[in-house]
Amino acid sequence: IAQELKEIGFDVECAFFYDDILKEISFDEEDVGLINWNNKDFTKCVSLPTWEQALEWFRKKGLVGTIIYFKDTFLNKTLYCFEVKDEKGYLVSACKNIIEKYEEAREKLLNSLIEIFIDRV
């Protein structure tokens with residue numbers, strides 16, 4: 001996901017990055033701060049944003065992703081789905097299946113946002 005974000009122009013400063021040369025996740029030990037690792041000066045690095053940073057970046061681009069939670073009383077389970085709306089509040093996309101794990105819904109939401117963003121560019 002981080003590589004796909006880099007490819008579509010994600011430019012937020014992040015604490016962590018993936019180093020393609022060392023093949024490891026790392027952070028700047030000398031200056032523990034935020035850096036845009038996707039900057040052209042760091043060609044072999046990929047910024048690793050938090051979920052919140054990625055979702056905020058999309059909101060600034062006019063795409064709002066929301067995870068919807070509900071309780072299935074019949075199955076006695078917590079379930080999730082997601083939707084993406086544009087800056088005017090119009091529904092752009094929604095998940096087609098109910099998802100049982102929040103983390104899976106979050107990942108699918110971000111992948112959906114990437115696809116929608118690519119289609120709009």
Side-chain angles (χ1 to χ4, degrees):
I1 291 175
Q3 181 61 44
E4 290 177 8
L5 286 170
K6 180 177 184 173
E7 290 170 8
I8 64 172
F10 183 85
D11 58 357
V12 175
E13 295 179 340
C14 300
F16 289 88
F17 64 95
Y18 177 78
D19 186 320
D20 198 37
I21 295 172
L22 299 175
K23 304 288 186 208
E24 67 181 17
I25 295 173
S26 191
F27 67 96
D28 186 358
E29 294 179 23
E30 294 177 16
D31 181 26
V32 181
L34 301 176
I35 297 173
N36 177 11
W37 298 101
N38 288 342
N39 184 309
K40 64 183 177 200
D41 295 336
F42 303 105
T43 56
K44 299 297 180 187
C45 295
V46 177
S47 293
L48 297 177
T50 63
W51 296 101
E52 291 79 13
Q53 287 174 310
L55 292 171
E56 180 181 7
W57 185 81
F58 280 109
R59 283 193 303 273
K60 288 179 180 178
K61 302 294 182 187
L63 294 171
V64 179
T66 306
I67 295 177
I68 301 162
Y69 150 89
F70 59 96
K71 185 79 169 180
D72 185 318
T73 53
F74 180 73
L75 297 174
N76 195 25
K77 284 187 173 186
T78 301
L79 302 170
Y80 304 91
C81 61
F82 66 84
E83 64 183 18
V84 176
K85 293 185 178 180
D86 65 13
E87 64 276 356
K88 295 178 182 176
Y90 295 115
L91 186 65
V92 177
S93 177
C95 63
K96 296 171 179 68
N97 300 313
I98 302 303
I99 304 164
E100 291 189 27
K101 294 184 179 181
Y102 175 84
E103 294 79 7
E104 184 181 347
R106 184 177 56 190
E107 184 175 337
K108 287 184 178 195
L109 169 60
L110 204 48
N111 283 321
S112 182
L113 283 162
I114 291 168
E115 289 175 22
I116 293 165
F117 186 83
I118 289 170
D119 287 344
R120 289 181 159 210
V121 176

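Excluded from the calculations below are hydrogen atoms, water molecules and symmetry mates; all remaining heavy atoms, backbone and side chain alike, are included.
Of all heavy-atom pairs between A15 and W37, the closest is O-NE1, 3.9 Å. Nearest approach of A2 to L48, heavy atoms of both residues: CB-CD2, 3.6 Å. The nearest pair of heavy atoms linking R120 to E87 is NH1-OE1, 4.2 Å.
Take K85 and apply the salt bridge (charged side-chain N to carboxylate O under 4.0 Å, His left out) test, not counting sequence neighbours, and it matches E83. Remark: E4 engages no residue in a salt bridge (charged side-chain N to carboxylate O under 4.0 Å, His left out) (not counting sequence neighbours).
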Validation: residues 54-68 side-chain donor-acceptor distances under 3.5 Å, sequence neighbours left out:
unit_1: W57; atom_1: NE1; unit_2: D11; atom_2: OD1; d: 3.2

Identify all side-chain donor-acceptor contacts of residues 71-81 below 3.5 Å with residues at least two apart in sequence or on another chain.
unit_1: D72; atom_1: OD1; unit_2: F74; atom_2: N; d: 2.9
unit_1: D72; atom_1: OD1; unit_2: L75; atom_2: N; d: 2.8
unit_1: K77; atom_1: NZ; unit_2: E100; atom_2: OE1; d: 3.1
unit_1: K77; atom_1: NZ; unit_2: E100; atom_2: OE2; d: 3.2

Intermediate values then yes/no, side chain to side chain contact (heavy atoms under 4.5 Å, CB included), I35 and E13: CA-CA 4 Å; I35 297 173; E13 295 179 340; 5.6 Å; no

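The distance from atom CG of N38 to atom CD of Q3, rounded to the nearest 0.5 Å, is 8.0 Å. Atom OG of residue S47 and atom CZ of residue F10 lie 6.5 Å apart, to the nearest 0.5 angstrom. Between the CG atom of L5 and the CG atom of L110 there is a distance of 5.5 Å, given to the nearest 0.5 Å.
Through ILVMFWY side-chain contacts below 4.5 Å, L91 is grouped with nothing and stands alone. Grouping Ile, Leu, Val, Met, Phe, Trp and Tyr residues whose side-chain heavy atoms lie under 4.5 Å apart, directly or via other members, leaves Y90 alone, with no other cluster members.
Tracing side-chain contacts under 4.5 Å through hydrophobic residues (I, L, V, M, F, W, Y), one never reaches Y69 starting from I98; they form parts of separate clusters. I118 and V12 fall within the same hydrophobic cluster, defined by Ile, Leu, Val, Met, Phe, Trp and Tyr side-chain heavy atoms under 4.5 Å apart, directly or through other members. Linking ILVMFWY residues whenever their side-chain heavy atoms come closer than 4.5 Å, directly or via other members, leaves F70 and I99 in distinct clusters. Hydrophobic cluster membership differs between I1 and Y18, with clusters built from Ile, Leu, Val, Met, Phe, Trp and Tyr side chains linked at under 4.5 angstrom. When the side chains of ILVMFWY residues are joined at heavy-atom separations under 4.5 Å, either directly or via intervening members, L113 and V46 end up in two distinct hydrophobic clusters.
Counting only heavy atoms from C-beta outward, the side chains of W51 and E107 approach each other to under 4.5 Å. Side-chain contact between C95 and K108 is absent, with no heavy atoms from C-beta onward closer than 4.5 Å.
With hydrogens and angles ignored, the 3.5 Å screen pairs no side-chain donor or acceptor of S93 with any backbone N or O of V84.
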